[in-house]
Amino acid sequence: VLGDPHVDSQADCDVLLNNVIWADNVGLVASSQAELLTMTTELSAALGGRLKMRWKPDSCHFIRGFNEPEAEQFVVYSDFAPPLVVPEVDHLPVLGDTIDRRGSATPAWAQRQQQATKNLHANRQALSCPLASRLQRCRAWASNVASSLTFGMAAWPFTLNLAKGLRQW
């Protein structure tokens, strides 16, 4: 588990994860902030002890559930690393999509629009080159701008507001 060659199955591991996304992202789902702190502390000890790995501090964030009291951050202490401050955020980008506390696609849509606009400006010359064929310009549009706008869109709830935003963009 987690790349440890000495662990053959999850049954041999002391730390059970709720969710593992790719090889470099770990998502923990907890029923309370106290449980999240416990899970993060135990996982930090397992990663630091056996695998000699540490969290990347600027990549650690958490989203608070609706019923949880407000907390701007929590601190994870470990014998293998300096204290890790984990700040609360209102949304988390995960594999091209964005998760927020309400389940809304609005943060994801804003993020995708920003990236597509950036790609539009970066590729403006290729998109408007009079020497390029229409097919070449369409390919440049599809591979650079449209793909960045719609990445992760399959996970978004399609609403009238999203359709309106697509038309306006």
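Hydrogens, waters and symmetry mates are skipped; everything else that's a heavy atom, side chains included, is used. Quick caveat, the model's predicted, so the values are computed rather than measured.
- Here the CD-NE2 distance, from E88 to H61, works out to 12.0 Å after rounding to the nearest 0.5 Å.
- In this structure, the separation between CD on Q115 and OG on S147 is 9.5 Å, given to the nearest 0.5 Å.
- Separation of atoms CG (L149) and CG (L120) is listed at 10.5 Å; rounding is to 0.5 Å.
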Please walk me through it: do W169 and T117 pass side chain to side chain contact (heavy atoms under 4.5 Å, CB included)? CA-CA 9 Å; W169 191 87; T117 301; 3.2 Å; yes
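- Residue-environment remark: CD (Q125) stays at or below the threshold of 12 foreign heavy atoms within 6.0 Å.
- The nearest pair of heavy atoms linking C60 to P87 is O-CD, 3.2 Å.
- The salt bridge (charged side-chain N to carboxylate O under 4.0 Å, His left out) check on E35 picks up nothing, with sequence neighbours excluded.
- By the side chain to side chain donor-acceptor pair (under 3.5 Å) test, R54 is found to be paired with no residue, residues two or more places apart in sequence or in another chain being considered.
- Contact check for V75 versus L84: no side-chain heavy atoms found under the 4.5 Å cut-off.
- Across all their heavy atoms, M39 and A30 have their closest contact at SD-CB, 3.8 Å.
- Going from atom OG1 of T41 over to atom OH of Y77 covers 10.0 Å, rounded to the nearest 0.5 Å.
- Taking CZ from F80 and NZ from K52, the interatomic distance works out to 6.5 Å, rounded to the nearest 0.5 Å.
- Applying the side-chain contact (heavy atoms from CB on, under 4.5 Å) test between F62 and each of L36, T40, V89 identifies L36 as the sole match.
- Side-chain atoms of N144 never come within 3.5 Å of backbone atoms of N119 as a donor-acceptor pair (strictly under, hydrogens ignored).
- Separating the CD atom in Q114 from the CH2 atom in W109 is a distance of 12.5 Å, to the nearest 0.5 Å.
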Could you pull out every donor-acceptor pair under 3.5 Å between side chains of residues 134-141 and any protein atom, sequence neighbours left out?
{"residue": "Q136", "atom": "OE1", "partner": "S133", "partner atom": "N", "Å": "2.8"}
{"residue": "R137", "atom": "NH1", "partner": "C129", "partner atom": "O", "Å": "3.4"}
{"residue": "R137", "atom": "NH1", "partner": "A132", "partner atom": "O", "Å": "2.6"}

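- With a 4.5 Å cut-off on side-chain heavy atoms, L37 and Q33 do not count as touching.
- Under the 3.5 Å distance criterion, with hydrogens and angles disregarded, no donor-acceptor pair is assigned to the side chains of W55 and S78.
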